[in-house]
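Order of listing sets the numbers, starting from 1, for every ligand and every atom in it. Just so you know, these numbers use all the heavy atoms, side chains as well, and skip hydrogens, waters and symmetry mates.
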Amino acid sequence: MTIQDVKFVQGFIRLCNDGWLQGWHERNGGNLSYRIRPQEVAEVRPFLHEPGEWRPIGTSVPELSGEFFMVTGSGKYFQNVALDPEDTCCILEVDDSGENYRIHWGLCNGGRPTSELPSHLMNHEVKKILSGGKHRVIYHAHPANIIALTFVLPLSDEVFTRELWEMMTECPVIFPDGVGVIEWMVPGGRAIAVRTSELMKKYDVAIWAHHGMFASGDTFDNTFGLFHAVEKAAEIMVKVISMTGGTKRQTIQPQDFRDLAVDFDLTLPERFLYEKKD
Ligand code: 13P
Ligand code: ZN
């Protein structure tokens, strides 16, 4: 048996490879983290080594004290994760204060966890609390179409949510809470982590203008599926704008969404169902 026989490790690697195959991970673009269940920590325990030094996370996540995470490494290529998980990923532990981490496995040729670790862990903290412990996956990638829209649409949660919902009937079913958007910020630090985790209090998706997207979910499948649905809706929007300049001949109307909400037992916030003036 190797660590790759453990189910969550397989799910982690599969998501990385699926994201690579979608074209969302040029070079070292994107990162993934998974909050490991206590029984899963026990499963991988035989493969862990003496932990390294405690190092600062760069922010404070007290609700995650003592938790273990599997995380991609900074500068590592998603295309290489399936080929060599021990070089490209790590398993780390958060200390009692929630301010430091240490590595128990992986990054065997050196390196450190993703530069977006503050965003990942702050998002995990918010989602762990709000989902009652269900959410375990935080995924960041650079999907081209959602990034393209951040040059064209106003950077508002309402506009992005409404336009994406209109692009595919299933979208409001898949992300009924909508998506959040933040203006361009310097990546990799605490400031963008704080802004992103604020959005994660309301949404499962946060779009970083001119950069990429974060998604949160309970399983690898649901997180990837959510990410995929948002990016596909963005792709359709890019095609519509490319064909027409943005004028739709017909679309799904606010009352259509209200009817959908009744039949699918959804709550769709009215702030996304505004009347458009053209
Ligand atoms: P890392 O290689 O440090 O994970 O950074 C990639 C990235 O997408 C930064 O936003
Ligand atoms: Zn990025």
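Close approach to His140 involves these atoms of ligand 1, each under 4.0 Å from a residue heavy atom: 8 (O), 10 (O). Below 4.0 Å from some heavy atom of His211 lie the following atoms of ligand 1, by number and element: 10 (O). Close approach of ligand 1 to Gly75 is summarised as follows: ligand atoms under 4.0 Å from at least one heavy atom of the residue are 1 (P), 2 (O), 3 (O). Using a 4.0 Å cut-off to heavy atoms of Asn28, the atoms of ligand 1 that qualify are 1 (P), 2 (O), 5 (O), 6 (C). Numbered from 1 in the order shown, with element, the atoms of ligand 1 that lie under 4.0 Å from a heavy atom of Thr114 read 1 (P), 3 (O), 4 (O).
Note: Ser197 OG to Ile192 CD1 = 11.0 Å, rounded to the nearest 0.5 Å. Taking CZ from Arg258 and CG from Leu273, the interatomic distance works out to 5.0 Å, rounded to the nearest 0.5 Å. One distance of note links CG of Asn145 with CE of Met213; it measures 10.0 Å at 0.5 Å rounding.
For ligand 1, the polar-atom distance check against His142 finds a nitrogen or oxygen pair separated by under 3.5 Å. Ligand 1 has an N or O atom lying under 3.5 Å from an N or O atom of Gly30, backbone or side chain.
When hydrogens are left out, the protein atom nearest atom 5 (O) of ligand 1 is Ser115 OG, 3.4 Å; that is the closest non-hydrogen contact. In terms of protein heavy-atom proximity, atom 9 (C) of ligand 1 is closest to Glu116 OE2, 3.1 Å.
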Practice prompt. Verify side-chain hydrogen bond (donor to acceptor under 3.5 Å, both in side chains) between Gln255 and Asp259, making sure each step is shown before the conclusion.
Written response: CA-CA 6 Å; Gln255 191 52 45; Asp259 295 344; 3.1 Å; yes
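Counted within 6.0 Å of CH2 on Trp20, heavy atoms from surrounding residues, nucleotides or ligands total 12 or fewer; the atom is thus considered open.
Here Asn31 has side-chain heavy atoms under 4.0 Å from ligand 1, and that is the only part of it that gets that close.
As for His140, its N/O/S atom nearest the Zn ion (ligand 2) is the one called NE2. Restricting His142 to its N/O/S atoms, the shortest distance to the Zn ion (ligand 2) is reached by NE2.
No donor-acceptor pair under 3.5 Å is formed between the side chain of Ser115 and the backbone N or O of Ser74.
Between Phe224 and Trp24, the distance separating the two ring centers is shorter than 6.0 angstrom.
Applying side chain to side chain contact (heavy atoms under 4.5 Å, CB included) to Ser242 and the options Thr244, Val238, Val240 leaves one that passes, Val238.
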